[in-house]
*Asks:* 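The following block contains the structure, expressed as structure tokens.
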Amino acid sequence: MSEKVLVAMSGGVDSSVAAALLIEQGFDVTGVTMKLFSNEDIGLERSKTCCSLSDVEDARSVAYKLGFSHHVFNFGEQFKENVIDRFASAYARGDTPNPCIDCNRYIKFSELLDRALLLDMDYIATGHYARVEFDNTTGRYLLKKATDSSKDQSYVLFGLTQEQLKRTLLPLGGLSKSEVRRLAEEQGLVNARKPDSQDICFVKDGDYAAFLETQMKIISPPGNFTDSSGKILGTHKGLIHYTIGQRKGLGLSFEKPKYVIRKDSELNTVVLGDESELFRDSMTVKDLNLISVEAITEPMAAFVKTRYSQTEAPAVLYPVDGGKLQVRFHKPQRAITSGQAAVFYDGDTVIGGGTIE
RNA sequence: UGGGAUAUAGUGUAAUGGUAACACACUAGACUUUGACUCUGGUAUUGUAGGUUCGAGCCCUGCUAUCCCAG
């Protein structure tokens with residue numbers, strides 16, 4: 001009797017091909033598309049999100065074509081609580097969150113996995129580009145980068161626990177995007193040429209600030225732009241409109257480009273400076289999740305990513321009080337931003353990660 | 001009020017009289033399962049009205065505006 005797997009299908013090519021590969025591998029596949037928010041809530045008609053009606057149709061069409069059943073699960077409440085609300089409160093406190101990470105951690109690999117187990121499934125699968133392997137020597141499940149490093153998504157999965165990894169299949173980990181597209185064409189899947197998704201799925205037109213203000217009722221009053229000495233340079237639109245390292249949208253001109261180097265919630269100021277002022281050689285990381293090791297009790301060398309699309313940089317991880325890590329980079333890093341995830345690598349293997357403080 | 005100076009795109013600057021450049025900003029797109037960064041493209045006829053000249057941002061005159069010094 002073949003093993004049962006629940007495939008999270010967004011309606012895009014990746015998860016569809018993931019399902020197709022699992023079928024080929026002999027799994028008993030069931031597809032599910034998660035309904036994470038209702039369009040009315042975010043005032044949209046948007047074709048590129050992962051949850052629009054047409055996406056459900058695409059997923060259903062693929063399931064029909066490949067001959068497995070497909071369901072729609074409503075996770076609206078959980079999504080609001082664990083992704084949207086967290087996103088909003090992070091911005092409200094001045095951080096710059098990454099909602100995709102929360103969605104993976106709290107929705108896909110938590111709520112959805114629980115549901116799958118309840119349904120007597122053995123695994124869940126997604127279309128992420130990353131690999132899960134079992135390490136016989138340590139007895140731990142490892143999360144590794146995708147073979148196609150340009151598409152690697154291990155960064156957004158750093159929050160998975162051993163229990164979750166044990167139940168996770170990532171069929172695309174060894175493929176490149178073009179191979180996936182080709183497979184989709186070969187199988188005649190409707191979404192073979194569908195554009196990749198992008199931007200925050202629950203935000204209309206990528207205007208997250210408008211979303212926070214009108215939908216989430218977050219009030220972010222205007223204040224001053226200052227330089228690092230406190231000199232007032234102009235008026236900003238509200239702290240939530242800015243993030244560290246940002247250059248565009250300031251509306252101010254100087255002889256050289258200026259970047260946001262700091263946000264001060266107390267004074268409600270946005271501090272601007274030259275690019276050189278963005279570099280820091282250390283940071284503190286909290287809310288850790290470790291994967292390849294049980295714990296970090298002494299300094300450990302690693303390569304660290306401080307944002308999704310960035311090549312990792314060499315650093316040393318120092319355990320400090322409060323279950324946090326002090327990360328010291330060999331070379332200063334640009335625009336280390338609180339609220340973003342820091343993910344530690346040992347070669348292709350994810351050691352673990354956490355949230356930048 | 002008298003004297004002087006300046007007036008070029010949203011901002012700051014550049015153009016031996018010969019068809020307006022650069023930076024920043026803005027904007028469109030690319031990149032991107034986050035916010036950013038980055039990359040590519042786009043955006044002015046030179047305060048205003050005349051004059052000189054084959055030709056004026058660049059010379060001359062009036063007007064307007066701004067700045068500085070005198071009061």
Side-chain angles (χ1 to χ4, degrees), chain A residues 8-15 18 34 36 46 48-52 55 79 83-84 86-88 90-105 107-109 126-130 146 150-159 170 172 177 180 194-203 205-212 220 225 233-234 236 239-263 270 272 274-279 305-311 333-343 353 355-356:
Chain A
M9 299 180 70
S10 64
V13 232
D14 293 333
S15 49
M34 295 181 286
L36 300 174
R46 183 181 162 81
K48 283 187 182 170
T49 72
C50 56
C51 314
S52 71
D55 289 324
F79 189 76
V83 179
I84 298 182
R86 292 175 69 92
F87 174 77
Y91 262 110
R93 88 174 80 91
D95 288 346
T96 303
N98 184 335
C100 293
I101 287 174
D102 285 339
C103 181
N104 287 326
R105 188 194 322 208
I107 306 297
K108 293 183 188 131
F109 295 92
T126 70
H128 284 104
Y129 289 84
S150 70
K151 264 290 170 184
D152 173 52
Q153 293 175 315
S154 58
Y155 175 86
V156 293
L157 299 175
F158 85 88
L170 304 175
L172 305 187
K177 186 75 189 196
V180 168
K194 192 168 169 176
D196 290 3
S197 63
Q198 53 189 30
D199 295 336
I200 303 175
C201 68
F202 54 89
V203 170
D205 296 330
D207 191 348
Y208 73 89
F211 172 81
L212 290 172
S220 183
F225 281 123
L233 301 175
H236 72 239
L239 250 39
I240 59 168
H241 292 266
Y242 310 93
T243 188
I244 309 302
Q246 180 171 336
R247 166 182 178 179
K248 294 290 177 184
L250 304 180
L252 296 175
S253 77
F254 305 91
E255 63 286 359
K256 304 194 102 187
K258 292 288 184 189
Y259 298 84
V260 173
I261 58 173
R262 199 154 51 78
K263 299 204 286 183
V270 174
L272 306 181
D274 292 337
E275 180 159 40
S276 62
E277 295 178 74
L278 283 171
F279 289 81
K305 255 185 162 182
T306 55
R307 50 173 40 65
Y308 179 67
S309 48
Q310 180 193 53
T311 48
Q333 300 297 302
R334 183 185 185 285
I336 294 173
T337 306
S338 67
Q340 291 286 291
V343 179
T355 304
I356 299 171

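Hydrogens, waters and symmetry mates are skipped; everything else that's a heavy atom, side chains included, is used. Numbered from 1 within each chain, the chains take letters A, B, ... in sequence-line order.
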*Asks:* For A/Ser276 and A/Asp274, test the side chains for any donor-to-acceptor distance below 3.5 angstrom and give the result as yes or no.
*Replies:* no

*Asks:* Ignoring the backbone of A/Ser253, work out which of B/A36, B/C24, B/C37 is nearest its side chain.
*Replies:* B/C24

*Asks:* Mind telling me if B/C37 is syn or anti? Syn here is a glycosidic angle within 90° of 0.
*Replies:* syn

*Asks:* For the side chain of A/Arg247, starting at C-beta, report the closest nucleotide among B/U33, B/U27, B/C24.
*Replies:* B/C24

*Asks:* With respect to the side chain of A/Pro257, which nucleotide from B/U33, B/C24, B/U38 is positioned closest?
*Replies:* B/C24

*Asks:* Distance check needed: B/U32 P versus A/Gln340 CD, whole Å only.
*Replies:* 18 Å

*Asks:* Suppose you measure atom P in B/C24 against the same atom in B/G18; what distance do you get, rounded to whole Å?
*Replies:* 28 Å

*Asks:* May I ask you to verify whether the side chain of A/Thr243 and the base of B/G35 hold a donor-acceptor pair under 3.5 Å?
*Replies:* yes

*Asks:* Does the side chain of A/Tyr308 get closer than 4.0 angstrom to OP1 or OP2 of B/U33 through an N or O atom?
*Replies:* yes

*Asks:* Under 4.0 Å between a side-chain N/O of A/Tyr259 and OP1 or OP2 of B/U38, yes or no?
*Replies:* yes

*Asks:* Toward the 5' end of RNA chain B, which comes first, A/Gln246 or A/Gly251, by nearest nucleotide?
*Replies:* A/Gly251

*Asks:* Specify the residue among A/Lys258 and A/Ser150 whose closest nucleotide of RNA chain B lies further upstream toward the 5′ end.
*Replies:* A/Lys258

*Asks:* B/C37, B/A36, B/U33: which one has an atom nearest the side-chain heavy atoms of A/Lys248?
*Replies:* B/C37

*Asks:* Of all the choices, B/U38, B/U33, B/U34, which nucleotide is nearest to the side chain of A/Pro99 once you look at every atom?
*Replies:* B/U34

*Asks:* So A/Tyr91 and A/Phe87, would you call those rings parallel, tilted or perpendicular, with 30° and 60° as cut-offs?
*Replies:* perpendicular

*Asks:* Could you check A/His128 against A/Leu157 for side-chain contact (heavy atoms from CB on, under 4.5 Å), going step by step and ending with a plain yes or no?
*Replies:* CA-CA 9 Å; A/His128 284 104; A/Leu157 299 175; 3.8 Å; yes

*Asks:* Given the rule that a pair is Watson-Crick or G-U wobble with both distances under 3.5 Å, how would you write RNA chain B in dot-bracket, using | for pairs to a different strand?
*Replies:* (((((((..((((.......)))).(((((.......)))))....(((((.......)))))))))))).

